[in-house]
Amino acid sequence: MPVPIIIDCDPGHDDALAIMLAAGDPAVDLLAVTTVAGNQTLEKTTLNARRVCTVAGITDVPLAAGCDRPLVQPLAVADDVHGVSGLDGPLFPAPTVDVVPEHAVDLVHRILSGHPEPVTLVPTAPLTNIALLLTRYPQDASRIREIVLMGGSTERGNRTPAAEFNVLTDPEAADIVFRSGVPVTMCGLNVTHQALATPEVVARFEALGTPLGRTCAQLVTFFGSTYRTLWGFPSPPLHDPVAVARVLDPGLVHCVEGNVTVELHGRYTRGATVVDLHGSTGRPVNARVAVGLEAGPFWDRMVAAVAALGARAPSGPAAS
Ligand code: RIB
Ligand code: CA
């Protein structure tokens with residue numbers, strides 16, 4: 001049976017691929033897409049989610065906008081990584097998919113309350129919406145099967161030497177999620193850096209011969225240009241689809257149990273995920289921590305999902 005999921009995202013190039021993986025793979029049932037401020041402003045991440053759903057033909061999934069700023073600190077977008085639009089690279093047609101009028105947190109609450117089984121939340125962005133959901137509707141915790149998030153790292157950060165972007169953007173929200181008692185799986189940079197979109201992957205998207213395949217190739221190519229400039233990566237890591245992959249086939253993403261604690265006060269380390277995999281701190285296990293990716297099968301599922309969507313999607317954007 002497909003696993004019911006909700007994606008909470010900040011498109012964002014890798015978020016775009018995560019949405020497509022969730023919508024195109026039969027192992028998951030995408031119940032909703034919600035957006036939050038992160039890679040770009042809420043206005044831009046929401047427009048980008050509408051764009052992705054439009055070109056991918058995802059027209060039967062409710063889309064709702066959520067929080068436009070972190071819980072405590074001001075928003076700091078990643079326009080150096082994702083561009084001014086937040087989804088630079090392809091030219092997108094005017095979106096035909098629109099948002100529902102509800103706030104994302106209220107939409108998620110309504111779905112959790114009414115769905116016949118617990119739902120998996122897949123945040124691929126700062127955790128502001130998720131923290132607000134758990135605070136505003138604490139009864140929903142029992143309706144969440146697990147939270148499988150992209151964020152944090154068992155090693156170095158990316159936005160700072162210590163902190164990964166999603167957690168750094170809203171550390172207080174991440175702290176609420178990891179302390180919530182809800183089953184959490186953390187897909188951090190240590191595992192998402194194993195999902196490198198090499199030229200062979202780009203060629204596989206292009207070889208699909210569909211407008212959506214071309215759009216994915218353009219997204220990855222732009223993402224690769226900024227990752228090369230900023231961090232010297234020969235190929236960009238597609239972070240967010242790894243969290244979806246863990247849900248659709250746990251054998252794709254290997255995990256161990258550990259304690260994840262978010263640093264809120266360090267002068268140089270705020271937003272770091274301090275991950276104890278060996279019980280040395282005495283802090284209790286509160287998460288599964290992803291440590292390994294079956295990269296080959298992962299890319300097979302990613303390309304197959306885009307192929308499935310592309311076969312039924314509308315004509316794509318004009319060539320850029
Ligand atoms: O650090 C990577 C994460 O930050 C990804 O989710 C990417 O989309 C950005 O949001
Ligand atoms: Ca993201």
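Counting starts at 1 for both ligands and their atoms, in listed order.
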With rounding to the nearest 0.5 angstrom, report the CG to OG distance, Leu133 to Ser180. 10.0 Å

Per-residue contact class, Asp10 against ligand 1 - non-hydrogen pairs under 4.0 Å: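 Asp10 to ligand 1: side-chain contact only, backbone stays beyond 4.0 Å.
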
With backbone taken as N, CA, C and O and side chain as the heavy atoms from C-beta onward, which portion of Asn158 lies under 4.0 Å from ligand 1: side chain, backbone, both, or neither? side chain

May I ask you to identify the nearest protein heavy atom to [atom], giving residue, atom name and distance to one decimal place in Å?
atom                    : answer
atom 9 (C) of ligand 1  : Asn39 OD1, 3.1 Å
atom 7 (C) of ligand 1  : Asp14 OD2, 3.2 Å
atom 10 (O) of ligand 1 : Asn166 OD1, 2.9 Å
atom 6 (O) of ligand 1  : Asp240 OD1, 2.6 Å
atom 1 (O) of ligand 1  : Glu164 OE2, 2.6 Å

Relative to the heavy atoms of [X], which atoms of ligand 1 are at a distance of less than 4.0 Å?
X      : result
Met150 : 2 (C), 3 (C), 5 (C), 6 (O)
Phe165 : 1 (O), 4 (O), 9 (C), 10 (O)
Thr124 : 6 (O)
His239 : 2 (C)

With respect to Asp15, determine whether any N or O atom, backbone or side chain, lies less than 3.5 Å from an N or O atom of ligand 1. yes

Heavy-atom nearest pair, Glu102 first then Ala64, reads O-CB, 3.6 Å

Heavy-atom pair of closest approach, residues Thr192 and Cys187: CG2-O, 4.0 Å

Common cluster, Ile5/Val108, ILVMFWY with side-chain heavy-atom separation under 4.5 Å: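 Looking at the clustering, Val108 is in a separate group from Ile5.
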
Would you check, one step at a time, whether the test ring pair (Phe, Tyr, Trp, His ring centres under 6.0 Å) holds for His82 with Phe223? CA-CA 7 Å; His82 297 274; Phe223 199 43; 5.3 Å; yes

Between the side chains of Thr281 and Asp276, is a donor N or O closer than 3.5 angstrom to an acceptor N or O? yes

Going by distance alone, is a donor N or O of one side chain under 3.5 Å from an acceptor N or O of the other, for Arg246 and Thr185? no

The Ca ion (ligand 2): protein N, O or S atoms [distance under 3.0 Å]: Asp10 OD1, Asp15 OD1, Asp15 OD2, Thr124 O, Asp240 OD2

Within the distance-only criterion (no hydrogens, no angle test), does the side chain of Asn129 pair as donor or acceptor with the backbone N or O of Cys67 below 3.5 angstrom? yes

Sidechain-backbone polar pair: Gln194 side chain, Val291 backbone, donor-acceptor under 3.5 Å: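 Pair found, side chain donor or acceptor close to backbone of Val291.
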
In short, salt bridge (charged side-chain N to carboxylate O under 4.0 Å, His left out) pairs touching residues 41-52 with sequence neighbours left out are Arg50-Asp98

Sequence neighbours left out, what pairs pass salt bridge (charged side-chain N to carboxylate O under 4.0 Å, His left out) with at least one residue falling in residues 167-182?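 The answer is Glu172-Arg270, Asp175-Arg179.
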
Qualifying ring-ring contact (aromatic ring centres under 6.0 Å, His included) pairs, either residue in residues 113-170, two or more places apart: His109-Tyr137

